[in-house]
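Since the model is a prediction, treat every value here as computed from it, not as a measurement.
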Amino acid sequence: MTKVLTNIIQTMNLLVINNLKRLLLLLTLVFGFNSCLAQSDVKDKLIGKWTLIAESDSFPDDIDKLSIGGTDSDVETVPEITLIFKPDNSLLVIQMGDESNSTFKISDSILTMGNRKYIIVRVDNKELLLKNKNDLFNTQYKYQKNDE
């Protein structure tokens, strides 16, 4: 009788282990597929023309920033930067009127533009918030989508 019970328990353990393996495989496939869809969704939202509207950092306020051209203006100006993301992963960067072509790639929440990497903090149909991935002062860039 003990031998029969042992065989039943071993068989049940094998069934449970096989079911757990199947469940783990299924979950891996679901989450992998979901990740691919999420990257595609981010890329779809990214396609278009974005204009930089704000730049912020965690630079301490008690340290004076260097002035440009000898002016001591307290008014910080946002550089004129426009990014145009295209469906073929090409990127047009317009900075202060100068245009340059590049490429972009999205992997998880990392946006690579040329050789620079940014963390995508938030992206929707109107706003893009990027954080410089390797920046000492936690610089963030806020872009607004232009529907032109």
Quick check: do [X] and [Y] have side-chain heavy atoms less than 4.5 Å from each other?
{"X": "L83", "Y": "M113", "result": "yes"}
{"X": "N101", "Y": "L92", "result": "yes"}
{"X": "L129", "Y": "V123", "result": "no"}
{"X": "T51", "Y": "T82", "result": "yes"}
{"X": "Y141", "Y": "L52", "result": "yes"}
{"X": "K142", "Y": "S56", "result": "no"}
{"X": "I81", "Y": "I94", "result": "no"}
{"X": "Y143", "Y": "I53", "result": "no"}

(Q) Rounded at 0.5 Å granularity, tell me how far OG1 in T103 sits from CG in N89. (A) 7.5 Å
Q) Between atom NZ of K133 and atom OG1 of T139, what is the distance when rounded to the nearest 0.5 Å? A)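 It is 14.5 Å, given to the nearest 0.5 Å.
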Give me the atom names and distance for the closest heavy-atom approach of [X] to [Y].
{"X": "K45", "Y": "W50", "value": "O-CZ2, 3.4 Å"}
{"X": "L130", "Y": "V121", "value": "C-CG2, 4.4 Å"}
{"X": "P87", "Y": "K43", "value": "O-NZ, 3.0 Å"}

Q. Is atom NZ of K131 surrounded by more than 12 heavy atoms (other residues, nucleotides or ligands) closer than 6.0 Å?
A. yes
Q. Under the side chain to side chain contact (heavy atoms under 4.5 Å, CB included) criterion, do V42 and I120 qualify, and how do the steps go?
A. CA-CA 9 Å; V42 169; I120 300 173; 3.8 Å; yes
(Q) Can you list everything that forms a side-chain hydrogen bond (donor to acceptor under 3.5 Å, both in side chains) with N132? Sequence neighbours excluded, please. (A) none
Q) With E80, which residues qualify under salt bridge (Lys or Arg N to Asp or Glu O under 4.0 Å), at least two apart? A)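 With sequence neighbours excluded, E80 shows a salt bridge (Lys or Arg N to Asp or Glu O under 4.0 Å) to no residue whatsoever.
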Q) Ion pair present between K145 and E127, side-chain N to carboxylate O less than 4.0 angstrom? A) no
(Q) Hydrophobic clusters here meaning ILVMFWY residues chained together by side-chain heavy-atom distances under 4.5 Å, can you tell me if Y118 and I106 are in one? (A)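 Y118 and I106: one cluster.
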Q: Provide the full list of salt bridge (Lys or Arg N to Asp or Glu O under 4.0 Å) pairs with a residue in residues 91-105, sequence neighbours left out, each pair given once.
A: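 Not a single pair qualifies under salt bridge (Lys or Arg N to Asp or Glu O under 4.0 Å).
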Q. Would you find a donor on one side and an acceptor on the other, under 3.5 Å apart, between the side chain of D88 and the backbone of S90?
A.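 Between the backbone of S90 and the side chain of D88 there is a qualifying donor-acceptor contact (under 3.5 Å).
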